[in-house]
Amino acid sequence: MKAGLKKTIEQLKGLDELIPQSPDSATTMVNFTIDPKTGGWDNRIGYEKFFPNNALYGPFDDTERIQSLYVWSTHNGARTYHIYESSLTGANTCSLNYTVGNVYITTGGGIVELDSNRSIPLSNEPGTSYSPMGRFLVITNGYDEPIKFDGDEVTELGWSRVPSPPTPFGVDPGVLGVTTGPSGTAFMPLTGWFRSDQKTFTNLYDTSSLFSLRAYYGLGDASVDSVNTYKWKITWVNAAGSESPISASSDVCTWTRYSANKTVGPCLRYAAYLSDIAIGPSGTVARRIYRTKNLRESPDVGADEVYYFVKEIDNNTETNFIDWIPDAAINNIAPFDADSILLPTLAPRMSASFKGVLFIDGGSEDPTKLFYSKPGQPDSYAASAYFDMGTRDGGGIVGMVSFYNQLIVFRENAIDMVRGDPVSGFKIVPIAEGIGTNAPGTITVVKELGVIFLGKDGIYQISGGMDGGDTVRIQRISDGLLKTMARISLSSMPRAVATYSHKWREWHCYLPVDGETVPSLGLVLHVDNGQWSHREGFPVGAISTTPSGDIVFGNNVGKTLGSRTDFECGLFVISRKRSLGYTTPLIPDGGTITVDKGPPTSTYKSAWLDFGSSQQKKFVKYVYVYALTRGNNAIPITYYMDYGDSGTESSPVKMQRPDHQDQGVYGTGLWGSSTWEEPYLTEIRYPIAQKGASRFSFEIETTSDMILIGYSVEFSSNETKTIRGKRS
């Protein structure tokens, strides 16, 4: 008999579902975070209401599942919008809202609605995509009209219609001034062309203000018997600086300077009066007027027509315009029809900003096409500005993210990369085939690691780039989670969501498992040690992170129709609060209030230890748990042998140093005499009564506070070996 043998694990690693396991890994690691002081595992986590002072969940008391969530910060963090989609109980559409303030007030506060009657995604479809682009947030979902939000109002993304052309009035070249005034109630001159030496026209009907033109200002050729012909077009300009597609040409306006009128003077020119200047859609801030130079005797020049910029009307209200700018003063050529087109897809599913350009996918109609806007103009698209990825296997586009000097484009079974810039041009570079995703909500940029996403066969990391001799690297980082990956509900995988918090230094991914259609299990990647753990009991349906690093999530169920009274709904925040949410009991006066549930159950199960020789029997005597003292919390362990499912539970042991006086416990100290003590690292010994086993494992399952750092196992061994294998 060999006595006094000891196996020590000084620093615990995370979850490892491979067999055989590393001895310092965990078979089970549920509801723990990393303690930054010790590098150990801390179970002091929970979640709380977004507006904690409300008796229920105001202003979300009647909301069902939160369908999507995005925290958008502007003005260098001065303004933060918690934007989410949800529906009221029993509704078949959802609304887009954002929260107001950080304290809910029952009257006059809480939320602002941005859009209504929005589509609710199916269980096999991803949620809404949110993409910052300059001072706008672009919002798309593949069904509803794509929109953008500037912090004050919502406007459409792109242009859904082309402006109609203006209407020029006819010309009577023999008239020196307006000889006819208003007729009845209509305030409309019969001639829309006026001669004047003024740049502005204060009263078109006051003939005393109309004088002969100077030689320079005005339209047309002043020479005798000249033929003068002009046409106009207009565009709209919105607050994003995007210019709409250009209108069709106006009607031809032409006149002849007959010799019979030569007495009027050799320098006679005209000012053009245009009506029906089209009002643009919401968000339009200006209209631009374009005009040909004098076409003279060729009113139907067709393809040879050239239009030039004349004037910008800095509003979206005026419908009339007077054009007195001479041909010699207009030289900037108007955009061509193909320079700006209608939004190339009516319902893009996702978008991303890269190099000041907005990229959008082609939606369900063109899933392999990738369109891109003009620089700084998210609403303007040239007819030729797109890539068709259907020429290479990989399926449709499902997600995009800007990462360093490239835009990574995720497809169902491939990954591509957009390189270049608006000046030199963009190009598509393939990265990988056979690796893709259908869970765009999990694509996350993690500063320390690169881009993390949930693929169909695991979780992947993309790192590196193509600048300075670097290369793009893709590796699967979830090989120790094979059992968890096998549990994923593949049909509902698009509903998986993820976020990264620099405060917690964790990447959270919540995904549907075991046939569920909503996220039901959390996977946490702890950046500081590169280890994995599970989160259970956190009802995450959508998730995002604030600028300060707080993780906000939307409830995956909400308040539903029927008899359910124990409900949670709205937004919540993952915190150090020792509560796994709330229950909502009835109270004597007939109302309801929220009551904290108990702390989450945290579970640590060690690896199956063979102590270096699996065929030799071991007799475990003690388990020493290395932990920080946490007062009088009494925690038992359960130990197992040889992959058994049933174990033996030990007596609970306090998290106090066994050979010292107990430390003070919060709530029992006396003011002025007790001393606040820091927790100490201590060995807590558990005696084990176990017969010989080839492999040994122990488990800690508790709702009490603890910080677990390591452990050691004391055992003895003899020459007894595993018996001969069983015969068939």
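Just so it is clear, the structure is predicted and the values come from calculations on it, not from any experiment.
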Item checked: Derivation and outcome, ring pair (Phe, Tyr, Trp, His ring centres under 6.0 Å), residues F32 and H534 -> CA-CA 8 Å; F32 281 94; H534 282 160; over 10 Å; no

Next item on the list: Take Y686 and F698 through the test ring pair (Phe, Tyr, Trp, His ring centres under 6.0 Å) and record every step on the way to the result.
Entry: CA-CA 11 Å; Y686 293 87; F698 73 94; 8.1 Å; no

Note to self: Apply side-chain hydrogen bond (donor to acceptor under 3.5 Å, both in side chains) to residues Y70 and E85 and explain how you reach the verdict.
What the structure shows: CA-CA 9 Å; Y70 188 78; E85 282 180 307; over 6 Å; no

Next item on the list: List the steps, then state whether side-chain hydrogen bond (donor to acceptor under 3.5 Å, both in side chains) holds for T444 with W507.
Entry: CA-CA 8 Å; T444 315; W507 180 73; 3.1 Å; yes

Next item on the list: Report the C-alpha separation of W608 and F696 in whole Å, then their side-chain angles, then the decisive distance to 0.1 Å, and conclude whether the ring pair (Phe, Tyr, Trp, His ring centres under 6.0 Å) test is met.
Entry: CA-CA 6 Å; W608 285 99; F696 173 82; 8.1 Å; no

Notebook entry, point to check: Would F149 and Y81 satisfy ring pair (Phe, Tyr, Trp, His ring centres under 6.0 Å), going step by step from the backbone distance to the final call?
Noted result: CA-CA 11 Å; F149 175 53; Y81 301 85; 5.4 Å; yes

Checklist line | Pair S501-H508, side-chain hydrogen bond (donor to acceptor under 3.5 Å, both in side chains): steps then yes or no | finding: CA-CA 8 Å; S501 166; H508 287 227; over 6 Å; no

Note to self: Is there a side-chain hydrogen bond (donor to acceptor under 3.5 Å, both in side chains) between S119 and D144? Walk through the geometry before answering.
What the structure shows: CA-CA 7 Å; S119 301; D144 302 307; 3.2 Å; yes

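Between K605 and Y640 the shortest side-chain heavy-atom distance falls below 4.5 Å. Looking only at side-chain heavy atoms (C-beta outward), L15 and S533 stay at 4.5 Å or farther from each other. Side-chain contact check for M389 versus I397: some heavy-atom pair is nearer than 4.5 Å. Looking only at side-chain heavy atoms (C-beta outward), V552 and I543 stay at 4.5 Å or farther from each other. Counting heavy atoms from C-beta on, the side chains of I593 and L56 never come closer than 4.5 Å. Under the 4.5 Å side-chain criterion, counting only non-hydrogen atoms from C-beta, Q531 is not in contact with S25. Between L407 and S402 there is a side-chain heavy-atom pair separated by less than 4.5 Å. Residues N555 and E64 form no side-chain contact, since every pair of their non-hydrogen atoms from C-beta on lies 4.5 Å or further apart.
Ion pairing between a basic and an acidic side chain is recognised when a charged N comes within 4.0 Å of a carboxylate O; D479 and R476 show such pairing. Using a 4.0 Å cut-off between charged nitrogen and carboxylate oxygen, E516 and R487 do not count as a salt-bridge pair. In this structure, R44 pairs ionically with D42, as a charged nitrogen and a carboxylate oxygen lie closer than 4.0 Å. For the pair R695 and D642, the salt-bridge criterion is not met [side-chain N within less than 4.0 Å of a carboxylate O]. A salt bridge does not link D61 to K559: none of the charged nitrogens lies less than 4.0 Å from a carboxylate oxygen. Looking at D596 and R578, no side-chain N of the basic residue comes within less than 4.0 Å of a carboxylate O on the acidic one, giving no salt bridge.
Between S95 and S116, the side chains place no donor N or O within less than 3.5 Å of an acceptor N or O (distance only, hydrogens not considered). One side chain, Y130 or S68, offers a donor N or O that lies under 3.5 Å from an acceptor on the other. A donor and an acceptor atom, one from each side chain of T484 and E17, are located under 3.5 Å apart. With 3.5 Å as the limit, one finds no donor-acceptor pair spanning the side chains of Y639 and E699. Neither side chain, T517 nor S492, offers a donor N or O lying under 3.5 Å from an acceptor on the other. S712 and Y626 form a side-chain donor-acceptor contact under 3.5 Å, judged by distance and modelled atom types alone. Using modelled atom types, one finds a donor on one side chain and an acceptor on the other under 3.5 Å when comparing Y143 with E125. For the residue pair T27/Q21, the side-chain donor-acceptor check at 3.5 Å is satisfied. Between the side chains of S351 and S131, at least one donor-acceptor pair of N or O atoms lies under 3.5 Å.
Aromatic ring orientation, Y47 versus Y582: perpendicular (interplanar angle above 60°, classes split at 30° and 60°).
In plain terms, the two heavy atoms of G39 and Q11 that are nearest each other are O-NE2, 2.9 Å. When all heavy atoms of P52 and F50 are compared, the closest pair comes out as CD-O, 3.3 Å.
Atom CZ of F611 is surrounded by more than 12 heavy atoms from other residues, nucleotides or ligands within 6.0 Å. Heavy-atom neighbours of E113 CD from other residues, nucleotides or ligands within 6.0 Å: above the threshold of 12.
Not a single donor-acceptor pair under 3.5 Å links the side chain of N438 to the backbone N or O of E412. Using a distance-only test at 3.5 Å, with no hydrogens or angles considered, no donor-acceptor pair links the side chain of T601 to the main chain of T702. Remark: the backbone N or O of G710 is not paired with any side-chain donor or acceptor of W41 at under 3.5 angstrom.
A centroid separation of less than 6.0 Å is found between the aromatic rings of F60 and Y84.
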